[in-house]
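To keep things clear, I will list the structure first and then write my remarks on it.
For reference, positions follow the sequence shown, starting with 1.
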Amino acid sequence: MDAAGTPSMTWTDKARLTAEIVRQGTTEFIRDFGASDETVIVFRTLWPGEITTADRVRHAGRSFNIREVVPLGRGFALELRCIAFNGVD
């Protein structure tokens, strides 16, 4: 809550992981609100516990929304398919 008593959303660290970047790319899209760039990045990591699409990944000072969580093999590893918007024109 802020000083006025209004609830506010905050993020907290859930885990710190070592991960491999499997794929990274940026694509421009024309949307109703204008042009936007989206950075798509896929991380591969060991299974850290409960990770869902409601979580975010912080990498290189940026926040990425998790779009898909894919278990690999026998469930010891994960691929996190993430997206970040680079700006809106």
Side-chain angles (χ1 to χ4, degrees):
M1 291 214 195
D2 63 13
T6 305
S8 61
M9 179 181 281
T10 60
W11 293 91
T12 59
D13 288 345
K14 192 171 192 177
R16 289 187 179 261
L17 306 172
T18 302
E20 169 191 6
I21 296 175
V22 178
R23 186 179 60 201
Q24 183 174 6
T26 301
T27 306
E28 183 177 16
F29 291 94
I30 305 299
R31 305 206 186 266
D32 293 342
F33 53 80
S36 70
D37 291 336
E38 293 180 0
T39 298
V40 177
I41 190 166
V42 178
F43 297 99
R44 186 173 293 152
T45 187
L46 295 177
W47 188 278
E50 185 64 28
I51 297 287
T52 69
T53 55
D55 298 313
R56 295 192 308 179
V57 172
R58 292 282 298 164
H59 170 68
R62 298 189 56 208
S63 294
F64 293 86
N65 293 325
I66 299 174
R67 290 295 178 120
E68 190 175 5
V69 178
V70 180
L72 301 175
R74 296 183 178 171
F76 295 112
L78 284 180
E79 275 192 0
L80 303 175
R81 297 175 184 175
C82 307
I83 190 167
F85 293 100
N86 296 333
V88 178
D89 295 333

Legend entry - Separation of Glu20 CD from Arg44 CZ (nearest 0.5 Å): 5.5 Å
Legend entry - Ile41-Val57 co-clustered via ILVMFWY side chain contacts under 4.5 Å: yes
Inset, instruction - Looking only at non-hydrogen atoms, find the nearest pair between Arg56 and Asn65 and report the distance. - result: CD-OD1, 3.5 Å
Legend entry - Where Asp55 and Glu50 come nearest, the two heavy atoms and their spacing: OD2-O, 4.2 Å
Legend entry - Over all atoms of both residues, closest heavy-atom pair of Ala84 and Ser63: CB-O, 3.5 Å
Inset, instruction - Start with the C-alpha gap between Phe43 and Ile21, add the side-chain angles, then the distance that decides, and say whether side chain to side chain contact (heavy atoms under 4.5 Å, CB included) holds. - result: CA-CA 5 Å; Phe43 297 99; Ile21 296 175; 3.9 Å; yes
Inset, instruction - Could I get the full list of side-chain contact (heavy atoms from CB on, under 4.5 Å) partners for Val69, not counting sequence neighbours? - result: Ile51, Ile66, Leu78, Leu80
Legend entry - Least distance between heavy atoms, Thr53 atom then Glu68 atom: CG2-N, 4.1 Å
